[in-house]
Amino acid sequence: MIANRIAAGEVVERPASAVKELVENALDAGARRIEVTIRGGGKTLIEVADDGCGMTPDDLPLALSRHATSKIDGSDLLDIRSFGFRGEALPSLGAVGRLRITSRADGAEAAEIRVSGGRAEPLRPASGNRGTVVELRDLFFATPARLKFLRTDRAETQAVAEVIRRLAMAEPQVGLTLTADDRVIFRADPEPGDFFDAAHARLCRVMGREFMDNALRIDAERDGVTLTGYAALPTYSRGAAVSQHIFVNGRPVRDKLLTGALRAGYRDVLPSGRFPAAVLFLGCDPHFVDVNVHPAKAEIRFRQPEIARGLVVSALRHALAGAGHRASSTVGSETLAAFRHEAEPAPRAFFGGYDPTSSSIGAREAAYANQAPALDGLSEAPAARFEPAPDESAVSAPLGAARAQLHENYIVAQTADGIVIVDQHAAHERLVYERLKAQAAESGIVSQALLIPEIVQLSEADCAALLDSADDLARLGLVIEPFGPGAIAVREAPALLGRPDAKSLLSDIADELADAGSSERLQARIDAVLSRMACHGSVRSGRRMGADEMNALLREMERTPKSGQCNHGRPTWVSLSLADIERLFGRR
């Protein structure tokens, strides 16, 4: 009995983990509606009622036997197609709390069984509809030391609600309700239609309409692995990773490989300290992924991790590029709020320690920047504060037609149903940056041979990982060779980086390879140089522009991927509808 209580600690960490196990059991039973009731944050009561297939009287005692399960036959532990399969949840809950299970299957009588602190009572007849009701009272009464580590009732209730929301996203065609202390705090009815239609409606309910209005649809496939879901525009970012939800074969997971891939997909469109928002569903053959890594089943391992990671990164980058000049609708809302409420000016903030308005740049970068392509039509021109009325075709363009330039930095354009305000420096910086990246991708990163190869001492494991990635690094201009045990010789380095600190660079790449299985560190450094070059070569703040120049900039933005945000992740333009403007003046 003591062994069972110790083992239960791996499965039941807190009330939220108990709710997760019970709801997943209901989903495995084919339930279409699941009702969860808790009291005292789940410490006093957890009740999960479902309309699934139920259990016969003969099944109930077996359900409380450790490692007994009907979900797999044991012949192939890699062919896991259900949430649960280890047969540990119910015995663990019965070992640390007071558990009662009432269930009825089609063609069988309802029955009830109770277990308290690991001691089971005899089976008894009961009444009820088809399905199962699991009631867990006084969680951890048999292991009181665990109770001391639980948080407040409010915090535990929030954790339970987060579990329900994540499972609701995974199963949009199943209705879930959560009631805490006699108050319904979450309700999601079953959504009709195919998975995408149902998922869209369910995510509107769980993530909010604002997320869906600013999300891009993801639908990609590679080598038998599929990726679907929604990823938000870069300008709809968050201050923490709280809006990142990843599912593998319908199972909510927290996987470093996939979260790293999500981060890499947004690599050059988010400022430091901001996190993307996304709900992604990865589907694959069960033999491709091992979910039996930990009793909580939140960790997974891929047989070919590079396929899963590459699919996530490429699908996100393709979607973001396809979004073109789009920026999130929240930018316009924030603009309206700024108009309505006069606030003190915020302190000047620079991203990544870099001041985008500074004109200082190293001589080497300046030499490259002088070769940066200029936008067609952008030449010195006399000031043009207000322009004649644009033609209707220009007004109907997504970013409209330029009407004025304010403070020699902001372009005001008229659209068919409102106005657009563009930060000319930030916008042109992104345009030049994308051109430089395209040129580098087309012609390759130029490498510079070192007169004397630099020898870097590392652990043998790090050396092996780096040498395994030598071909990928060479495509980015970094050429390395083995130089005896625990040493690597750097023969060539990317010309854009000058002579970098080879030991620091290789150490960073090796750490990233060990952590995520791949590294974006070298590409990130190269992109950072290209970004600085783009800033140096773009239209500066304070530059007066004519109508042709301003309209040329708008049209180029409409054609350029990711032009809705600058290289540092800030929006390049905001829009206000005519209705918004009329409300500002009390005309609506």
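In what follows, residues are counted from 1 in the order of the sequence shown.
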Spell out, as yes or no, whether a donor-acceptor pair under 3.5 Å connects the side chain of Gln448 to the backbone of Leu497.
no
State, to 0.1 Å, how close Cys566 and Thr572 come at their nearest heavy-atom pair, and which atoms those are.
N-CG2, 3.3 Å
Tell me yes or no: between the side chains of Arg166 and His245, is some donor less than 3.5 Å from an acceptor?
yes
When you compare the side chain of Leu258 with that of Val248, does any pair of heavy atoms fall below 4.5 Å?
yes
Answer yes or no: is there a side-chain heavy-atom contact under 4.5 Å between Asp268 and Tyr433?
yes
Determine, for Phe149 and Arg151, whether the Lys NZ or Arg CZ falls below 6.0 Å from the six-membered ring centre while staying within 45 degrees of the axis.
no
With sequence neighbours excluded, what pairs up with His318 under the ring pair (Phe, Tyr, Trp, His ring centres under 6.0 Å) test?
none
Compile the donor-acceptor pairs under 3.5 Å between side chains in residues 478-492 and protein atoms, sequence neighbours left out, one pair per line.
{"from": "Glu481", "atom 1": "OE1", "to": "Arg491", "atom 2": "NE", "distance (Å)": "3.0"}
{"from": "Glu481", "atom 1": "OE1", "to": "Arg491", "atom 2": "NH2", "distance (Å)": "3.3"}
{"from": "Glu492", "atom 1": "OE1", "to": "Ser447", "atom 2": "OG", "distance (Å)": "2.6"}

Would you say that Asp290 contacts Ile300 through its side chain, given a criterion of any heavy-atom pair below 4.5 Å between the two side chains?
no
Can a salt bridge be assigned to the pair Arg435 and Glu556 using a cut-off of 4.0 Å between side-chain N and carboxylate O?
yes
Test item: Glu156 side-chain N/O and Arg14 main-chain N/O as donor-acceptor pair under 3.5 Å
no
Mind telling me whether Phe281 and Phe247 have parallel, tilted or perpendicular rings, with 30° and 60° as the class edges?
parallel
Taking the side chain as everything from C-beta on, heavy atoms only, tell me whether Asp255 gets closer than 4.5 Å to Ile246.
no
For Phe302, the ring pair (Phe, Tyr, Trp, His ring centres under 6.0 Å) test, sequence neighbours excluded, returns Phe288
What about Tyr266 and Phe275, are their ring centers closer than 6.0 Å?
no
Donor-acceptor contact below 3.5 Å, side chain Arg202 vs main chain Val174
yes
Residue pair Asn249 / Leu282, side-chain heavy-atom distance below 4.5 Å:
no
Do Leu476 and Gln523 have side chains that approach each other closer than 4.5 Å (heavy atoms only, starting at C-beta)?
yes
Is the closest basic N to carboxylate O distance between Arg267 and Asp527 below 4.0 Å?
yes
If you measure from the Lys or Arg side-chain nitrogens to the Asp or Glu carboxylate oxygens, is any gap between Arg309 and Glu306 under 4.0 Å?
no
Under the 3.5 angstrom rule, does the side chain of Arg146 hit a backbone N or O of Val12 as a donor-acceptor pair?
yes
Between Phe196 and Arg217, is there a cation-pi geometry (under 6.0 Å to ring centre, at most 45° from the normal)?
yes
So does Asp423 pair up with Arg570, basic N to acidic O under 4.0 Å?
no
